[in-house]
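Reading through the structure tokens given below for one structure.
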Amino acid sequence: MKNKVCKLTRDKRIRIRVAEDELIVIDTAASLVNKSRNAFIIDTAVHEAQNIILSQGIILLDDARYLEFLKQLEAPLQNVEGRKRLTNLKPEW
């Protein structure tokens, strides 16, 4: 099976100002991973944003769904192989 490559259309612009020292650090890091400054900044910002979003762990449920959620959390694990497969998956991003 071939990996599906999804090329994003980057048509939005972000303009930022940085200090010379910050630019040197960014350019140095980008060159170490063989990326352009823009690619490095975008990749790093998106990665950090995803980590922040994922770290929030907020789940909003009504009372009935919350009780069902707790029941499922406390139930014995039925599909050990499925859990192992899921924990080994790497997110597409």
Side-chain angles (χ1 to χ4, degrees):
M1 176 186 279
K2 291 184 179 181
N3 289 340
K4 185 177 180 182
V5 177
C6 179
K7 184 157 180 139
L8 298 174
T9 302
R10 291 185 170 149
D11 60 348
K12 303 299 179 205
R13 182 178 297 268
I14 298 175
R15 297 182 66 173
I16 59 173
R17 294 186 184 275
V18 297
E20 181 69 26
D21 291 347
E22 293 169 323
L23 188 59
I24 291 169
V25 171
I26 291 168
D27 286 346
T28 301
S31 68
L32 290 172
V33 293
N34 201 27
K35 291 184 179 182
S36 69
R37 179 189 300 157
N38 284 348
F40 178 79
I41 290 170
I42 291 168
D43 292 349
T44 304
V46 169
H47 179 74
E48 185 62 19
Q50 289 168 340
N51 285 338
I52 289 169
I53 292 167
L54 291 172
S55 73
Q56 298 306 300
I58 297 172
I59 300 173
L60 301 174
L61 302 171
D62 60 30
D63 290 343
R65 288 186 176 151
Y66 178 69
L67 291 174
E68 180 59 30
F69 177 70
L70 289 179
K71 180 179 168 186
Q72 290 180 23
L73 282 178
E74 295 168 355
L77 184 61
Q78 295 179 10
N79 188 347
V80 176
E81 187 58 38
R83 182 184 67 171
K84 286 180 185 177
R85 191 173 57 251
L86 283 174
T87 57
N88 290 330
L89 282 178
K90 184 176 180 180
E92 290 185 25
W93 61 75

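These figures come from a predicted structure and were not determined experimentally. Sequence positions, counted from 1, serve as the residue numbers for this chain.
Judged by distance alone, the side chain of Glu68 and the main-chain N or O of Ala64 form no donor-acceptor pair under 3.5 Å.
For Gln56, the CD atom counts as densely surrounded, since its 6.0 Å shell holds more than 12 non-hydrogen atoms of other residues, nucleotides or ligands. Applying the 6.0 Å contact sphere to CG of Asp62 captures more than 12 heavy atoms from other residues, nucleotides or ligands. Surrounding CG of Asn34 are at most 12 heavy atoms belonging to other residues, nucleotides or ligands under 6.0 Å away. Atom CG of Leu32 sits in a crowded spot, with more than 12 heavy atoms from other residues, nucleotides or ligands closer than 6.0 Å.
Taking every heavy atom of both residues into account, Thr28 and Ile24 meet most closely at OG1-O, 2.7 Å.
Hydrophobic clustering of Ile, Leu, Val, Met, Phe, Trp and Tyr side chains at less than 4.5 Å, counting indirect connections, unites Leu70 with Leu61. A continuous path of hydrophobic side-chain contacts links Tyr66 to Leu73 [ILVMFWY only; heavy atoms under 4.5 Å].
Between the CD1 atom in Ile41 and the CG atom in Leu23 there is a gap of 7.5 Å [rounded to 0.5 Å]. In this structure, CG in Asp27 is found 10.0 Å from OG in Ser36, a value given to the nearest 0.5 Å. Put simply, NZ on Lys84 and CG on Leu89 are 14.5 Å apart, with the number rounded to the nearest 0.5 Å. Taken from CZ in Arg17 to CD in Glu22, the straight-line distance is 13.0 Å, to the nearest 0.5 Å.
Just one of Thr44, Asn51, Asp43 meets the side-chain hydrogen bond (donor to acceptor under 3.5 Å, both in side chains) condition when paired with His47; it is Asn51. Of the candidates Thr87, Asn79, Leu86, Thr87 is the only one forming a side-chain contact (heavy atoms from CB on, under 4.5 Å) with Arg83.
The shortest side-chain heavy-atom distance between Ile42 and Arg10 falls under the 4.5 Å cut-off.
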